[in-house]
Number of protein chains: 2
Amino acid sequence: MNPDHPSPRKNRSSNSDGRTRLPVAQDVAELAGVSIATVSRTLNEPEKVRPATREAVMKAAAELGFVLNSAARALSTRRSSTVGVIVPSYGNEVFVRALSSFQRTMRAAGYQVLAASSEYDLATEMQEAAFLLQRGVDGLMLVGGIHDPDLYARAERSQVPIIQSFSLSDREYCVGFDNREATFRAANYLLDLGHKRLAVVTGTRENNDRAAPRAEGVHLAMAERGLELSPAHDLIVSSGIVAGRDAFGQLMGGPKEQRPTGIICGTDEIALGIMSEASERGVDIPRTLSVIGFNDSSFSAVLSPPLTTIRVDADEIGKSSALALLNLMGAKTMVQVTRITPELVLRGTVAPPDKL
Amino acid sequence: MNPDHPSPRKNRSSNSDGRTRLPVAQDVAELAGVSIATVSRTLNEPEKVRPATREAVMKAAAELGFVLNSAARALSTRRSSTVGVIVPSYGNEVFVRALSSFQRTMRAAGYQVLAASSEYDLATEMQEAAFLLQRGVDGLMLVGGIHDPDLYARAERSQVPIIQSFSLSDREYCVGFDNREATFRAANYLLDLGHKRLAVVTGTRENNDRAAPRAEGVHLAMAERGLELSPAHDLIVSSGIVAGRDAFGQLMGGPKEQRPTGIICGTDEIALGIMSEASERGVDIPRTLSVIGFNDSSFSAVLSPPLTTIRVDADEIGKSSALALLNLMGAKTMVQVTRITPELVLRGTVAPPDKL
DNA sequence: ATAGCAATTGAAAGCGTTTACATCTTTGGT
DNA sequence: ACCAAAGATGTAAACGCTTTCAATTGCTAT
């Protein structure tokens, strides 16, 4: 490396303003005494070039510190080796976990992932998707199955496969679970324990095929036993811990004999808020109030008492979604639906109702 | 072959196998009756093209559903409008928050962000960075100031600016705070309350300029008062809630008169683990043990008792880092160091030591 | 009208790869 | 040895955009 070496010929390692320019395939080719095509081959299909040549190229590339320009590669191959993910929010641990394992899997397959969040808004999601599509992602992971129709249209047009997660579908490829069934079971568990008045509180259910079915599951379980879930016991809150605190107030405000004895929450964060408020107001959990969360967030097991919750294997969802998408991008045939099984994790926040 | 050979009729809207091809600038140009250069201008510098022409182009683009190919654009401009972020882990809420606000800010400026996690490992970080650099990111956000020297070298070579976060530096551009001072203050607060035996427990301190200084801060505060922090009261654990539980056992295992009366934790997760174990073992917090966390994670305020912690404005860090990086990428001059002020949030886990 | 000038527009040369296709080497069978 | 077949390498044309520079157009002020 001799920056000021006066070279009579075209000096490939510096440009007009004297700055050393980054080496390109051409430079490697010259140094190795081969053509640029061979350089490309050595990098992409090493087995197709003779060992001796291969090594010469490798050596030259290493010497120059050559790094392939992926924009050029993307332009030429029409594939970006990039995939996109849009989650509703980074504030929900379960999405972050899924995203993380999705990313890990994709990364291992040589893909980078572009992530975005929709803030539970269809228009925002569409906007982010458009951005990702323009960026040329080769695949897209979405949460849930309710999206702007235009999103599907554009993805289709660009031939970008979509994998849906966290909910099931019979029209799209998906990795998810039956949200309604999950809470249906949890509700039945409570009902079997003797509870008669259940409440359900979730985050927004608008355009949300996870929260809405979760509420339905509780309604359904009660209906099957001839019980009715009072509208006052069916709450939609803005997600998050503080929302849970508020919910407690609304739910437990009425006369004692009308208060729910068990609450099923759409997320552990909501459950935590409820527990926190209960503790503050001196309401004993699980003695006078049973609580069931959703997701089994990391903090749930160490609360006092430990939160009974519906565990969903977010890592598995992330990983399987990545694998599925990888298959779709390879145009391979594959199973359309991957069903994950949520599990009711029994801990300390559930007990039979107070017999009073 | 033959340059003057009349090219076969070019059907711009479909290719050989009949599939409708995505429209490109050329198609828009033809439909609008202008040149491809004008299409480009309309899209990038609308003010430079006459209103009438602009509208014609816009109309044509909309009609065809034209989407600019960003790989081609990146190749041509040598800028990808993409930035990279590498955080130590997605398991720490504070990094996710910073990442999220970093992303929001970048997104608003027209950049996409590629995120990666290093799992607190320098080699992994280097690998991810290399991947990002190859991807042609225009800028990079890193957590802390301890990285593979080669990382700096390569970034420099590609002229990719780096913004360091969560710690301060006098050599690099950074948005962070003085980690040592933060715990130093917290320790002094406890000391002022009358505590004599403090403990500190953090995650790994190897190549970590956040955890290590946090431990130092506690040592320093005690040293200034002629007290010594027993090695047995200085723990390094793998981060996370369960690690905190273990830490409790180790710390509180000794004879009563040697146990610490106050613990300062490197993260709220560790503090939560400690609180959980304390509760299980019937150790009263804050009566017989004071606990201070770090970061003010979302759950901290609603624990019982609410966790006293050192709040760091992660959103601010993410946003300011993004702004700083945006400036650096624009080659604008800017402040080198943005100092964030951590705040000790007094809640329920701290009290004077038991006078026994 | 018309020169003079500024504002628009177009032509064409990149940007750095990949990849048919053509060409040149090997290799193996006889 | 010799020829065909197989294998390795090179040539050159995309890929779809940006951008310089020159040519054209539209104005304003004579």
Side-chain angles (χ1 to χ4, degrees), chain A residues 10 12-13 15-16 21-30 32-57 60-61 64-81 134-136 138 158, chain B residues 1-5 7-8 10 12-13 15-17 21-30 32-57 60-61 64-81 134-136 138 158:
Chain A
K10 191 156 70 167
R12 287 320 247 108
S13 68
N15 64 21
S16 48
R21 206 210 40 194
L22 290 174
V24 298
Q26 178 67 50
D27 303 321
V28 177
E30 281 172 18
V34 300
S35 81
I36 181 180
T38 299
V39 172
S40 177
R41 276 190 214 102
T42 350
L43 263 29
N44 299 305
E45 328 165 274
E47 74 285 355
K48 289 204 170 180
V49 12
R50 205 185 326 166
T53 319
R54 188 193 312 162
E55 274 162 38
V57 173
L64 295 174
F66 171 70
V67 176
L68 204 139
N69 179 316
S70 38
R73 174 185 239 276
L75 178 58
S76 193
T77 61
R78 296 121 170 292
R79 323 183 340 95
S80 66
S81 293
Q134 154 148 22
R135 218 40 153 226
D138 297 333
S158 311
Chain B
M1 316 292 130
N2 197 339
D4 346 43
H5 212 74
S7 70
K10 275 189 182 174
R12 283 329 236 117
S13 67
N15 63 21
S16 46
D17 64 69
R21 208 210 41 193
L22 291 174
V24 298
Q26 179 66 49
D27 303 322
V28 177
E30 281 171 18
V34 299
S35 81
I36 180 182
T38 299
V39 172
S40 178
R41 276 188 213 102
T42 317
L43 263 28
N44 298 303
E45 330 165 273
E47 73 285 357
K48 288 201 172 182
V49 11
R50 206 183 328 166
T53 318
R54 187 193 313 163
E55 273 162 39
V57 173
L64 295 173
F66 170 71
V67 175
L68 205 141
N69 178 317
S70 39
R73 174 187 239 276
L75 177 58
S76 192
T77 60
R78 296 118 171 292
R79 320 183 340 96
S80 66
S81 294
Q134 155 148 23
R135 221 39 156 227
D138 297 332
S158 311

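In what follows, chains are A, B, ... by sequence order, proteins preceding strands, each numbered from 1.
- Whole-Å rounding puts the A:Glu45 CD to C:dA20 P distance at 9 Å.
- B:Ser76 places no side-chain N or O within donor-acceptor distance of the main-chain N or O of B:Arg73, the cut-off being under 3.5 Å.
- Among all heavy-atom pairs drawn from B:Ala29 and B:Ile36, the shortest one is CB-N, 3.7 Å.
- Residue-to-nucleotide proximity on DNA chain C shows that, of A:Val39 and B:Thr38, the 5′-proximal contact is made by B:Thr38.
- At whole-Å resolution of the value, CZ in A:Arg41 and C1' in C:dT19 are 8 Å apart.
- Between B:Val34 and B:Val57, the closest side-chain pair of non-hydrogen atoms falls below 4.5 Å.
- Atom-to-atom, CD of B:Glu47 to C1' of C:dT9 comes out at 15 Å; the value is rounded to the nearest Å.
- Nearest heavy atoms, A:Val24 versus A:Phe66: C-CE1, 3.4 Å.
- Smallest separation of non-hydrogen atoms from B:Ala61 and B:Val28: N-CG1, 3.8 Å.
- Across all strands, B:Thr53 comes closer than 4.0 Å only to sugar-phosphate atoms, never to a base (heavy-atom distances).
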Quiz item: In the 5'-to-3' direction, what one-character label does each nucleotide of nucleotides 12-17 of chain C receive under the scheme B = base within less than 4.0 Å of a protein heavy atom, S = sugar-phosphate only, - = no such atom?
Solution: --BBBB

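- Remark: B:Arg50 is in phosphate contact with C:dT9, judged by side-chain N or O atoms under 4.0 Å from OP1 or OP2.
- Using a 4.0 Å heavy-atom cutoff across all strands shown, B:Val34 reaches sugar-phosphate atoms only and no base atom.
- Scored by the side-chain contact (heavy atoms from CB on, under 4.5 Å) test, A:Glu45 finds A:Arg41, A:Glu47, A:Lys48 as partners (sequence neighbours excluded).
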